[in-house]
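Chain A is the first sequence line, chain B the second, and so forth, proteins listed ahead of strands; every chain is numbered from 1.
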2 protein chains.
Amino acid sequence: MAHLAHNHTAEDCVELVTIFQSLSKEDTKTVASLVSDKHYQSGEYIYQAGNSADALTIVAHGQAKVFQIATNGKEQMLRILQTGDFDGEAALFSNKDRTSFAQALMDTDVCQIKRSDFQKLMKTSPELAVNMVNAFGQRIVQLEQQTTEAATSSIESRLASYLLETSAGLKKEQFELPLKKKDIATYLGTTPETISRKLSSLAKDELIEKKSNTLIKILDADGLAMVE
Amino acid sequence: MAHLAHNHTAEDCVELVTIFQSLSKEDTKTVASLVSDKHYQSGEYIYQAGNSADALTIVAHGQAKVFQIATNGKEQMLRILQTGDFDGEAALFSNKDRTSFAQALMDTDVCQIKRSDFQKLMKTSPELAVNMVNAFGQRIVQLEQQTTEAATSSIESRLASYLLETSAGLKKEQFELPLKKKDIATYLGTTPETISRKLSSLAKDELIEKKSNTLIKILDADGLAMVE
DNA sequence: CGATGACTTGAGCACAGTCAAGTGCAGTGG
DNA sequence: CCACTGCACTTGACTGTGCTCAAGTCATCG
C-alpha cells in the first residue's frame, strides 16, 4: 500500500493539512505523488527517539501522542496529534536523530514525505515554504505559552486550562477525556494521583461535574478560567 | 539613522544572521536594503506585548531578554537574544499582536525587517525560506527540551544545566553570570531566593566555586550534569 | 555618606510528589 | 457464569522541595 502515488489516503493527507492548502493544483499533485502512507494500530510507535529523522509525518486519520523522555527517565508529553496535524520540526531541518517518540493512541493512518523530497519541493514552491514558516511560527507561539504556563501556574490552574481547551476543541461542554489520566498527567507535568485529586477538587467547587470516570461536564467555564 | 539602506549596521545584520548566510550576493544586497536599524539603551523595551507584530528583529550587537507575563502576573523568560540571534516567530506569520516583551539588557543595536517585505523576499528566494524553516525547526526542538526539562527536573538540576550551557556558550570554565539572579530565576521558573540557595548548595558540594557574587567557576562539569 | 537595588539568609508553610493500600472495571479462562 | 488477573484509577498518610514573607548584608552610585 505504501509508496503508491495518488492513492486515497495520500490525497486525504494533502487536502487535510493546512500547509498544503492554497497550493496550485499542479503543486498539489506533485505533493500527493511524493506521499507514502502507513497504518498503525493503537499502541504502536510511529517513530522513536534515535531514529533518523528524515520524514514529515501527517496524521490522516486517528490520534497520536508525541513525547520525550527526560534524562531522569520521566516521560513528558509534548502534544497530541489529531487528524490533520503534522509533526516534523526536527525531521525537516537536519539529519539529526529524533529526540521524541510518537505513539498511536488509536488505529491511525499517517502519511509521510521524505525530508529530501520536501526540501526540494520548498525550493520550487515558495507558497509552500511560506505556509511552512507560518505553521512553525504558530507552533512556536503555542510552545512558548505552554512553557510559560507550566513554569508559573499551579497544577489545578493548568488542569482547568486543559479542560477548557479540550472542551473548546470538541465544541462540547460535556465530553469524554480523550486521554488516559496517566497521559494527561505527563502532559501537565504531574502525576495521575494529583490529576485525580484536582479533578475532585474542581468538582467539589462545582466548576465541573464528574459524570463518570472519563466523562466530564463543564459547569462554570468562567470559573475554570480564573482558577489560580 | 534608521531606514537608510546600505548603512554599516544593516550590513552587519545581514552578515551576522545564519538565515541570511548562503544567500546569493544579489539577495544579500536586497536584504540589506530592506533593513532598518535602531539603537536601544539598557533597560529600554524593543517591543511590548500588544504591539502589532509586524517585523523580524535581529540583534546586531548587544543582548536582550524576551519574556512573557503569565495570567497571574508572573514573569517568565523565554530566551536571551545574543548578537546574531533573531526573534520574530509571531511577527512573521500573522497580523496578530505580540504576546511577549523584548528588553535590552545592555546597549544594543537591532535591525528590523518588515513582515510584508520579508514575506515577499521569501517568495522570491527559496533559499531564504528553507533557511527560515530550518531555523524555526531548531527553535522548536530547543523549546520542547526547555518544556520537558522544566516539567520533569528539580530546580537544582535545571540550574546546573543552565550553568553548563552558559559555560559552554562562553567557552570558559570561569565566567561572569550574564544575567541578574532575578532574571535567571524567571528563566528557570523559580525565585531569586531559591537561585541563591541552590548556588550555595552546588558550591558546598564542590561542583562549582563562587569566586564572587557574579563570578562562577565550574569545578566538576560531569558532576553538574548528573545533578538530579 | 546615605540611598537604592541586588542578593542572602532564616523561619514557616503549602503544594504536590511518593509510597502504599484499596476499589472498580474489562478481559480471560475455567 | 463466575473467579481471577491486570490495569487504571482513587484515597490516605507522610514527606520534601521550594515559595513567601521578612530581616539583614553588600555593593554601587549619586
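- Between Arg79(A) and Asp85(A), no side-chain nitrogen of the basic residue sits less than 4.0 Å from a carboxylate oxygen of the acidic one, so the salt-bridge criterion is not met.
- Residue pairs meeting the salt bridge (Lys or Arg N to Asp or Glu O under 4.0 Å) criterion with at least one partner in residues 170-198 of chain B, sequence neighbours excluded, are Lys65(B)-Asp183(B), Glu156(B)-Lys198(B).
- The separation between Leu202(B) atom CG and dT8(C) atom P is 13 Å, rounded to whole Å.
- Residue pairs meeting the salt bridge (Lys or Arg N to Asp or Glu O under 4.0 Å) criterion with at least one member in residues 202-218 of chain A, sequence neighbours excluded: Glu209(A)-Lys211(A).
- Every ring-ring contact (aromatic ring centres under 6.0 Å, His included) that Phe101(B) has, sequence neighbours left out, goes to Phe67(B).
- Distance, Leu199(B) CG to dC7(C) P: 11 Å, rounded to whole Å.
- Distance Ile184(B) CD1 to dT8(C) C1': 15 Å, rounded to the nearest Å.
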Produce the list of close N/O pairs, under 3.5 Å, pairing protein atoms with atoms of nucleotides 13-18 of chain C; give distances to one decimal.
| residue | atom | partner | partner atom | Å |
| --- | --- | --- | --- | --- |
| dA16(C) | OP1 | Ile155(A) | N | 2.8 |
| dA16(C) | OP2 | Lys198(A) | NZ | 3.1 |
| dG17(C) | OP1 | Thr190(A) | OG1 | 3.4 |
| dG17(C) | OP2 | Thr190(A) | OG1 | 2.4 |
| dG17(C) | OP2 | Thr191(A) | OG1 | 3.4 |
| dG17(C) | OP2 | Thr194(A) | OG1 | 2.7 |
| dT18(C) | O4 | Arg197(A) | NH2 | 2.9 |

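- Using modelled atom types, one side-chain atom of Asn131(B) and one backbone atom of Ile19(B) make a donor-acceptor pair closer than 3.5 Å.
- Pairs engaging residues 141-169 of chain B under the ring-ring contact (aromatic ring centres under 6.0 Å, His included) rule: Tyr162(B)-Tyr187(B) [sequence neighbours left out].
- In 5' to 3' order, the nucleotides of DNA chain D bounding all contacts with chain B (an atom under 4.0 Å from a heavy atom) are dG18(D) to dC21(D).
- Considering only side-chain N and O atoms, Lys180(B) lies under 4.0 angstrom from the phosphate OP1 or OP2 of dA6(C).
- In terms of phosphate contacts, Ser200(B) brings no side-chain nitrogen or oxygen within less than 4.0 Å of OP1 or OP2 of dT8(C).
- One N or O on the side chain of Arg158(B) and one on the backbone of Leu188(B) form a donor-acceptor pair closer than 3.5 Å.
- Between Asp109(A) and His61(A), the side chains place no donor N or O within less than 3.5 Å of an acceptor N or O (distance only, hydrogens not considered).
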